[in-house]
Amino acid sequence: SFIWWQFIHITAGTSGYHRYWTHNSFKIGKWYEIYSQIIGLFGNPGPALVWIGVHRDHHKYADTEKDPHSPKHKGFWWVYTSGWFQAGFRYTPTEREDLKDWLSLSKNSSLKWFYDNYLKLHALIILIFFLIDPLLLVFGYCLPIVFSNQAYGLINAYCHRHGEPSNNLLIALITGGEGWHLNHHNDQRNYRFGKIDPGARFICLIK
Ligand SMILES: [Zn+2]
Ligand SMILES: [Zn+2]
């Protein structure tokens, strides 16, 4: 389960949702847009369209009251657990201009399609996995989502615990390089976050 989750997170979560979709940090064919959104489903991060909106706000308003998940303003445990019971299904911008930018993103047909069908796709995965073997549902679907929630909790809460972004080697090792969070805040458009960075290695392989 953990290895499957690492695969999901490295090839679709950090490289796809985060570095490709949110920060446009590399160019790649249409196949990867579809791939990252299909494989991304298994970490249940919410639709990419919502993720992009929330994460761009996080960078723009980092550690202020408008930051969607600042431990300084919302509390460490709120941020750590906020993704556990509900993925980011809805984007609620604080500024009108952010909503405008976000609405223009939905012109991308694949982002819009995965947004519209997100819950149906999950229902389909649950049904297929259950019919193959209920254990597959537990180890192939439920556990990776648990790992995913812990990872995003650590990054969003721990790497911002002092009210500013910080780097953490251990978190980087288990989250495909996301733990180089200070480096990433300082250089958002760079798909390389740090020295030990499985996400950047994967991007080098495919682009
Ligand atoms: Zn980012
Ligand atoms: Zn951050």
Side-chain angles (χ1 to χ4, degrees), residues 1-23 32-59 68-69 71 74 76-91 111 114-115 117-126 128-130 135-161 168-181 184 191 193-194 196-203:
S1 284
F2 186 74
I3 292 171
W4 166 224
W5 172 69
Q6 283 285 312
F7 178 81
I8 297 163
H9 182 71
I10 292 169
T11 71
T14 182
S15 302
Y17 268 57
H18 192 187
R19 306 183 207 204
Y20 176 77
W21 283 112
T22 307
H23 296 295
Y32 187 68
E33 300 200 345
I34 309 297
Y35 170 91
S36 56
Q37 292 187 86
I38 292 176
I39 299 300
L41 285 170
F42 292 90
N44 193 25
L49 189 59
V50 174
W51 212 97
I52 299 168
V54 171
H55 192 68
R56 284 187 182 167
D57 281 2
H58 167 63
H59 278 275
H69 43 71
K74 302 207 153 129
F76 183 90
W77 290 107
W78 185 92
V79 174
Y80 192 82
T81 57
S82 63
W84 291 12
F85 305 107
Q86 49 156 58
F89 293 125
R90 205 179 303 150
Y91 171 60
L111 280 177
F114 278 90
Y115 176 76
N117 294 288
Y118 191 78
L119 287 178
K120 283 179 219 153
L121 289 164
H122 273 278
L124 190 68
I125 295 169
I126 292 169
I128 292 172
F129 276 26
F130 181 79
L135 284 178
L136 184 64
L137 186 63
V138 174
F139 293 105
Y141 178 79
C142 300
L143 272 180
I145 291 175
V146 172
F147 294 140
S148 197
N149 289 338
Q150 305 306 315
Y152 286 113
L154 280 173
I155 300 155
N156 293 335
Y158 195 80
C159 290
H160 276 273
R161 70 194 182 284
N168 186 288
L169 169 67
L170 203 66
I171 295 178
L173 285 174
I174 55 171
T175 59
E178 291 272 347
W180 305 115
H181 201 66
H184 169 55
Y191 72 82
F193 288 4
I196 303 167
D197 186 348
R201 275 174 176 267
F202 173 73
I203 292 166

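Computed from heavy atoms alone, side chains included, the values below leave out hydrogens, waters and symmetry copies.
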Student: Would you check if the side chain of Y118 reaches a backbone N or O of G46 as a donor-acceptor pair within less than 3.5 Å?
Tutor: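 Confirmed, Y118 side chain pairs with G46 backbone.
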Student: Would H160 and H69 satisfy side-chain contact (heavy atoms from CB on, under 4.5 Å), going step by step from the backbone distance to the final call?
Tutor: CA-CA 9 Å; H160 276 273; H69 43 71; 5.9 Å; no
Student: I'd like to check T22 versus R56 (side-chain heavy atoms, cut-off strictly below 4.5 Å). Are they in contact?
Tutor: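 With C-beta onward as the side chain, the pair touches.
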Student: Drop me the distance from W51's CH2 to H58's NE2, to the nearest 0.5 angstrom.
Tutor: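 W51 CH2 to H58 NE2: 9.0 Å, rounded to 0.5 Å.
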Student: Is the ring pair H55/H59 parallel, tilted or perpendicular, if the boundaries are 30 and 60 degrees?
Tutor: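 Rings of H55 and H59: perpendicular, over 60°.
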Student: Could you check whether any side-chain N or O of S82 sits under 3.5 Å from a backbone N or O of V79, counting only pairs where one atom can act as donor and the other as acceptor?
Tutor: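 Looks like yes, one N/O pair under 3.5 Å.
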Student: Between S1 and L143, what is the shortest heavy-atom contact and its length?
Tutor: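 Taking every non-hydrogen atom into account, OG-CD1, 3.7 Å.
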Student: Measuring from C142:SG to I126:CD1, what's the distance to the nearest 0.5 Å?
Tutor: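 Atom-to-atom, C142:SG and I126:CD1 are 7.5 Å apart.
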Student: Considering all heavy atoms of both residues, which atom of G40 and which atom of P45 are nearest to each other, and what is their separation?
Tutor: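 In terms of heavy atoms, the two residues are closest at O-CD, 3.1 Å.
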Student: Under 6.0 Å between ring centres, would you say that holds for H9 and F202?
Tutor: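 No, the ring of H9 stays outside the 6.0 Å limit from the ring of F202, centre to centre.
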Student: Can you tell me how far apart CH2 (W180) and CD1 (I171) are? Round to the nearest 0.5 Å.
Tutor: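 W180 CH2 to I171 CD1: 10.5 Å, rounded to 0.5 Å.
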Student: Is there a donor-acceptor pair under 3.5 Å between the side chain of R201 and the backbone N or O of P198?
Tutor: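 No, the answer is negative, given that no donor and acceptor are paired below the 3.5 Å cut-off.
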Student: Taking C-beta and beyond as the side chain, do H18 and F193 meet within less than 4.5 Å on heavy atoms?
Tutor: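 In contact.
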Student: Over all heavy atoms of both residues, which pair between D197 and G176 is shortest? Give the atoms and the distance, please.
Tutor: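 Smallest interatomic distance, heavy atoms only, reads OD1-O, 3.3 Å.
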Student: Working to the nearest 0.5 angstrom, can you tell me the gap between I8 CD1 and I38 CD1?
Tutor: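 Rounded to the nearest 0.5 Å, the CD1-CD1 separation comes out at 13.0 Å.
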Student: Please assess I39 against T11 for the test side-chain contact (heavy atoms from CB on, under 4.5 Å), listing each intermediate value before the final yes or no.
Tutor: CA-CA 8 Å; I39 299 300; T11 71; 4.1 Å; yes
Student: So if I apply the side-chain contact (heavy atoms from CB on, under 4.5 Å) rule between L49 and each of Y91, Y115, F114, W21, which one comes out positive?
Tutor: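 Only match with L49 under side-chain contact (heavy atoms from CB on, under 4.5 Å): Y115.
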Student: Report the C-alpha separation of F42 and F129 in whole Å, then their side-chain angles, then the decisive distance to 0.1 Å, and conclude whether the side-chain contact (heavy atoms from CB on, under 4.5 Å) test is met.
Tutor: CA-CA 12 Å; F42 292 90; F129 276 26; 3.6 Å; yes
Student: If you look at every heavy atom in L170 and N168, which pair is closest and at what distance?
Tutor: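 Heavy atoms only, the tightest pair is N-OD1, 3.0 Å.
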Student: Nearest 0.5 angstrom please: L154 CG to N149 CG, how far?
Tutor: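 Here the interatomic distance stands at 11.0 Å.
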Student: Indicate whether the side chain of R19 and that of T14 have a donor and an acceptor atom separated by less than 3.5 Å.
Tutor: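 Their side chains do contain a donor-acceptor pair, which is all the 3.5 Å distance test asks for.
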Student: Strictly under 6.0 Å, is that where the ring centroids of Y191 and H23 end up?
Tutor: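 Between Y191 and H23, the centre distance exceeds or equals 6.0 Å.
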Student: Apply side-chain contact (heavy atoms from CB on, under 4.5 Å) to residues Q6 and F147 and explain how you reach the verdict.
Tutor: CA-CA 9 Å; Q6 283 285 312; F147 294 140; over 6 Å; no
Student: Might you confirm whether atom CG of L135 has over 12 heavy atoms from other residues, nucleotides or ligands at distances under 6.0 Å?
Tutor: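 Enclosed.
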Student: Heavy atoms only: give me the nearest P144-F139 pair and the separation to one decimal.
Tutor: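 Looking at all heavy atoms of both residues, the closest pair is CD-O, 3.4 Å.
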Student: Are there over 12 heavy-atom neighbours, none belonging to Y141, within less than 6.0 Å of that residue's OH?
Tutor: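 Yes, enclosed.
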Student: Return the CG to CG distance between N117 and L124, rounded to the nearest 0.5 Å.
Tutor: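 Spacing of CG (N117) from CG (L124) equals 10.5 Å.
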Student: Would you please test Q37 and Y17 for side chain to side chain donor-acceptor pair (under 3.5 Å) and show each step?
Tutor: CA-CA 8 Å; Q37 292 187 86; Y17 268 57; 5.7 Å; no
Student: Do F89 and L119 come within less than 4.5 Å of each other through their side chains, counting heavy atoms only?
Tutor: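 Yes; the side chains approach each other to less than 4.5 Å.
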Student: With a 3.5 Å cut-off and no angle check, do the side chains of Y152 and E178 form a donor-acceptor pair?
Tutor: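 Looking only at side-chain atoms, E178 and Y152 do not form any donor-acceptor pair under 3.5 Å.
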Student: Looking only at heavy atoms, what is the nearest atom pair of S36 and G16, with distance?
Tutor: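 Distance-wise, the nearest heavy atoms are CB-CA, 3.9 Å.
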Student: If the condition is side-chain hydrogen bond (donor to acceptor under 3.5 Å, both in side chains), which residues does Y32 pass it with, not counting sequence neighbours?
Tutor: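 Partners of Y32 under the side-chain hydrogen bond (donor to acceptor under 3.5 Å, both in side chains) test: none.
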